[in-house]
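All residue numbers refer to positions in the sequence shown, counting from 1. Keep in mind it's a predicted model, so treat the numbers as computed, not measured.
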Amino acid sequence: MLSQKFFYPLYHTFEQKLFVKLLGAVKKNYKFIGSDEEKIFFVKTLFYYQLINKDYRKHLHIIYRNLSPKTNIGKINELTRKIEFEKDLSWITWLFEKDMVKLVNKFWCRKKIKFVGNDAQFNEFILRYLVSIWLVGWAGPLYALLIATRDEEMDFKECNKILSLWDFTGVFKNYKCQMLNDK
């Protein structure tokens with residue numbers, strides 16, 4: 001494993017606080033509680049609001065304020081729906097970024113998404129995604145996930161395997177997935 005000093009360019013106080021809170025969430029196996037519909041909307045907003053606005057932190061602020069050992073996704077979704085997210089793609093300069101916006105728009109507009117996996121795999125997926133966007137960068141993990149979820153199915157085992165490629169410093173090395181206790 002590589003030292004954390006080579007990664008995590010956390011320049012802003014918010015990013016530093018969020019990252020520390022996420023490391024604690026991984027260590028303590030935080031859970032993300034909600035119905036399947038709430039989980040789908042939550043994942044859609046994680047991907048979509050990462051791309052469509054320069055101020056991607058707006059959504060992360062909501063998550064930060066509500067991140068707890070049993071995080072209520074329904075509450076996060078309710079607060080997310082109240083915020084106006086202005087679509088601003090002026091930051092896009094590279095072809096892969098344009099491709100990502102097309103992919104995330106398709107993902108956002110999908111009427112039906114089937115989750116494959118249990119609650120523990122979902123919890124791991126959310127934590128891995130949130131931590132991964134601070135590792136080397138957000139683009140690689142998000143692009144890989146958008147490609148992996150082109151169909152109407154999202155397999156959390158596969159998504160977690162993809163995200164593990166960005167765990168350069170071993171944040172998840174001792175992560176204990178509670179799959180045996182979940183359906």
Side-chain angles (χ1 to χ4, degrees), residues 14-15 18-19 21-23 25-26 30-68 70-89 91 97 99-117 119-167 171-172:
F14 168 72
E15 293 166 348
L18 175 59
F19 190 71
K21 196 168 187 177
L22 288 170
L23 292 178
V26 170
Y30 278 23
K31 294 173 177 30
F32 296 85
I33 311 300
S35 69
D36 286 346
E37 293 78 24
E38 289 169 331
K39 289 178 179 180
I40 289 168
F41 183 76
F42 183 67
V43 171
K44 282 183 169 187
T45 60
L46 276 178
F47 290 4
Y48 191 73
Y49 294 132
Q50 185 72 37
L51 281 173
I52 64 111
N53 192 300
K54 280 191 221 178
D55 188 9
Y56 62 90
R57 287 181 189 88
K58 257 187 191 180
H59 189 240
L60 293 174
H61 279 283
I62 295 169
I63 294 169
Y64 174 79
R65 286 190 304 270
N66 291 280
L67 191 61
S68 68
K70 290 187 178 181
T71 303
N72 181 341
I73 292 175
K75 183 177 180 184
I76 292 172
N77 290 343
E78 182 183 319
L79 294 168
T80 299
R81 285 182 177 101
K82 290 179 181 178
I83 294 201
E84 288 192 37
F85 291 92
E86 183 180 324
K87 193 169 185 174
D88 179 0
L89 303 176
W91 61 272
E97 293 166 339
D99 288 343
M100 286 176 67
V101 169
K102 288 177 192 171
L103 290 170
V104 84
N105 277 325
K106 286 180 185 176
F107 186 77
W108 178 261
C109 293
R110 224 177 257 144
K111 300 252 188 267
K112 195 170 124 183
I113 296 174
K114 179 184 176 198
F115 284 168
V116 176
D119 288 343
Q121 290 167 324
F122 176 78
N123 296 333
E124 180 180 350
F125 166 73
I126 297 300
L127 289 171
R128 279 190 181 277
Y129 181 75
L130 289 171
V131 169
S132 292
I133 63 176
W134 301 119
L135 288 167
V136 174
W138 58 269
L142 181 56
Y143 190 75
L145 290 171
L146 288 170
I147 295 297
T149 59
R150 279 188 186 179
D151 299 325
E152 293 180 351
E153 188 174 278
M154 187 169 202
D155 184 333
F156 293 121
K157 185 176 180 181
E158 179 185 3
C159 290
N160 288 332
K161 187 176 179 180
I162 289 168
L163 290 173
S164 73
L165 298 172
W166 280 272
D167 189 14
V171 170
F172 285 86

For this session: Could you tell me whether the side chain of N66 and the main chain of I76 form a donor-acceptor pair under 3.5 Å?
Result: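 Checking the backbone N and O of I76 against the side chain of N66, no donor-acceptor pair under 3.5 Å is found.
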
Exercise. Around K75, counting heavy atoms of other residues, nucleotides and ligands shown, do more than 12 lie under 6.0 Å from its NZ?
Worked result: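 No - once you tally the heavy atoms of other residues, nucleotides and ligands closer than 6.0 Å, there are 12 at most.
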
Closest contact, heavy atoms only, [X] versus [Y]:
X	Y	result
L146	M100	CD1-O, 3.8 Å
L103	Y143	CD1-CE1, 4.0 Å
C159	M154	SG-CG, 4.0 Å
V26	V131	CG2-CG2, 4.0 Å

Between [Y] and [X], is there a side-chain heavy-atom distance shorter than 4.5 Å?
X	Y	answer
Y30	L22	no
L130	L60	yes
I62	Y49	no
K157	Q121	yes
H61	F14	yes

How long is the span from the [atom1] atom in [X] to the [atom2] atom in [Y], to the nearest 0.5 Å?
X	Y	atom1	atom2	value
K112	E153	NZ	CD	10.5 Å
C109	Y48	SG	OH	7.0 Å
I63	R65	CD1	CZ	10.5 Å
F32	N123	CZ	CG	6.5 Å

For this session: Compute the centroid of each ring, for F115 and then for F156, and state whether the two points are separated by less than 6.0 Å.
Result: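 Centroid distance F115-F156: below 6.0 Å, so yes.
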
For this session: Go through the steps to decide whether L145 and L163 satisfy the test side chain to side chain contact (heavy atoms under 4.5 Å, CB included), and finish with yes or no.
Result: CA-CA 8 Å; L145 290 171; L163 290 173; 3.8 Å; yes

For this session: Would you mind checking if K111 and E152 are paired as a salt bridge, meaning a charged N to carboxylate O distance below 4.0 Å?
Result: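 No, E152 and K111 are not salt-bridged.
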
Exercise. Which one of N160, V116, T149, I162 satisfies the side-chain contact (heavy atoms from CB on, under 4.5 Å) criterion with D155?
Worked result: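 Only one of N160, V116, T149, I162 forms a side-chain contact (heavy atoms from CB on, under 4.5 Å) with D155, namely V116.
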
Return all side-chain donor-acceptor pairs below 3.5 angstrom for residues 39-47, not counting sequence neighbours, or 'none' if the list is empty.
| unit_1 | atom_1 | unit_2 | atom_2 | d |
| --- | --- | --- | --- | --- |
| K39 | NZ | D119 | OD1 | 2.8 |
| K44 | NZ | W108 | O | 3.0 |
| K44 | NZ | R110 | O | 2.7 |
| T45 | OG1 | F41 | O | 3.3 |
| T45 | OG1 | F42 | O | 2.8 |
| T45 | OG1 | H59 | NE2 | 3.2 |

